[in-house]
Engineer: 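Sending over a structure as structure tokens; questions will come in a sec.
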Amino acid sequence: MAGSVQILGTGQLVELSRRMRAAGGPRLRRNTARRIRRAAEPLHRDLRQQVLAMRLASSGRAKRGGPSPTRRPFRPMLAGGIRISVRTAGSPGARVWIDRGRIEPKARNVLNQLDQTGRLRHPVFGNRKRWASQWGKAGWWTRTVSAAMPRMRAEVARVLDDVRRDLQ
């Protein structure tokens with residue numbers, strides 16, 4: 001399901017966060033957060049590219065064009081909703097998630113629909129009496145995330161080892 005991906009070795013990260021706070025190193029915390037963010041950036045980039053390159057085939061009778069009914073182009077708007085956040089305190093870790101506030105209100109569930117069913121069902125130019133279906137690739141979020149997770153986990157473990165070494 002499209003939603004959020006979290007890298008949380010909570011036990012290790014929480015303990016490391018406490019030790020970093022005790023060591024009083026804001027530079028060390030910033031450096032750790034930056035490196036954890038860098039570990040998540042390839043996944044973020046891959047997910048955005050998946051959205052931008054996703055082919056949505058229509059089941060309609062004819063190829064009809066026309067202006068977008070939303071204010072922004074559709075795929076870039078959806079890709080702009082995929083974000084990264086990194087925390088070093090509380091519940092530390094990296095998270096790649098869909099920010100629904102950055103997506104047009106009528107399109108907020110599109111990424112979940114496409115991931116779960118591969119089908120995007122929508123009214124034709126806002127006419128709720130006439131509906132259209134477009135087909136994409138189901139599981140695009142899940143496949144992309146599962147392919148990137150081993151590399152991300154290894155990178156975060158490397159960052160934690162480096163920080164642990166610096167604290168000793």
Engineer: What are the two closest non-hydrogen atoms of A39 and R151, and how far apart are they?
Structural biologist: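 Minimum heavy-atom separation between A39 and R151: O-NH2, 2.7 Å.
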Engineer: Between R165 and D162, is a salt bridge (charged side-chain N to carboxylate O under 4.0 Å, His left out) present by the stated rule, with each step listed?
Structural biologist: CA-CA 5 Å; R165 209 172 319 117; D162 290 349; 2.9 Å; yes
Engineer: Where do L111 and W141 land on the side chain to side chain contact (heavy atoms under 4.5 Å, CB included) test, with the steps shown first?
Structural biologist: CA-CA 8 Å; L111 294 173; W141 176 278; 5.8 Å; no
Engineer: What closest approach, in Å, do L43 and V145 show between heavy atoms, and which atom pair accounts for it?
Structural biologist: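 The answer is CD1-CA, 3.9 Å.
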Engineer: Quick one: are P150 and R153 in side-chain contact, heavy atoms under 4.5 Å?
Structural biologist: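 Sidechains of R153 and P150: no contact.
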Engineer: So, for Q50 and K137, which heavy atoms are closest and what is the spacing to 0.1 Å?
Structural biologist: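 So the minimum-distance heavy-atom pair works out to OE1-NZ, 4.2 Å.
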Engineer: For a quick check under 3.5 Å, do R34 and N31 share a side-chain donor-acceptor pair by atom type?
Structural biologist: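 Yes, because at least one side-chain N or O of R34 sits under 3.5 Å from a partner of the opposite role on N31.
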Engineer: So, does R143 use its side chain to make a donor-acceptor pair with the main chain of A138 at under 3.5 Å?
Structural biologist: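 Answer holds: yes.
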Engineer: Decide yes or no for I84 and R95: does some side-chain heavy atom of the first lie under 4.5 Å from some side-chain heavy atom of the second?
Structural biologist: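 A side-chain contact under 4.5 Å is absent here.
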Engineer: Does atom CZ (R128) have a neighbourhood of more than 12 heavy atoms from anything else shown, all under 6.0 Å?
Structural biologist: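 No, the 6.0 Å shell around CZ holds no more than 12 heavy atoms from other groups.
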Engineer: Are any side-chain N or O atoms of R108 and backbone N or O atoms of I103, one a donor and one an acceptor, separated by less than 3.5 Å?
Structural biologist: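 Side chain of R108 to backbone of I103, a donor-acceptor pair under 3.5 Å: yes, one is there.
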Engineer: When you look at R38 and E41, which way does the salt bridge (charged side-chain N to carboxylate O under 4.0 Å, His left out) test go after all the steps?
Structural biologist: CA-CA 5 Å; R38 278 194 192 149; E41 282 173 354; 5.4 Å; no
Engineer: Which atom pair, heavy atoms only, marks the closest approach of A33 to V86?
Structural biologist: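 Reported closest heavy-atom pair: O-CG1, 3.7 Å.
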Engineer: With distance as the sole test, does H44 use its side chain to make a donor-acceptor pair with the main-chain N or O of I82 at under 3.5 Å?
Structural biologist: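 Confirmed, H44 side chain pairs with I82 backbone.
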Engineer: What are the two closest non-hydrogen atoms of F74 and A107, and how far apart are they?
Structural biologist: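 So the minimum-distance heavy-atom pair works out to CE1-CB, 4.1 Å.
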Engineer: Compare all side-chain heavy atoms of R102 with those of M77 and state whether any distance is below 4.5 angstrom.
Structural biologist: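 A side-chain contact is absent here, since even the closest heavy-atom pair is not under 4.5 Å.
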Engineer: Using the rule that two of Ile, Leu, Val, Met, Phe, Trp, Tyr join whenever any of their side-chain heavy atoms come within less than 4.5 Å, decide whether L114 and L52 are in one cluster.
Structural biologist: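 L114 and L52: separate clusters.
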Engineer: Please find the pair of heavy atoms, one from A94 and one from I36, that lie closest to each other, and give the distance.
Structural biologist: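 Heavy atoms only, the tightest pair is CB-CG2, 3.5 Å.
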Engineer: Measure the shortest side-chain to side-chain distance between L120 and W135 over non-hydrogen atoms and say whether it is less than 4.5 angstrom.
Structural biologist: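 A side-chain contact is absent here, since even the closest heavy-atom pair is not under 4.5 Å.
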Engineer: Is there a donor-acceptor pair under 3.5 Å between the side chain of D99 and the backbone N or O of G81?
Structural biologist: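 No: the side chain of D99 does not pair with the backbone of G81.
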Engineer: Taking the side chain from R75 and the backbone from M54, do they hold a donor-acceptor pair closer than 3.5 Å?
Structural biologist: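 Looks like yes, one N/O pair under 3.5 Å.
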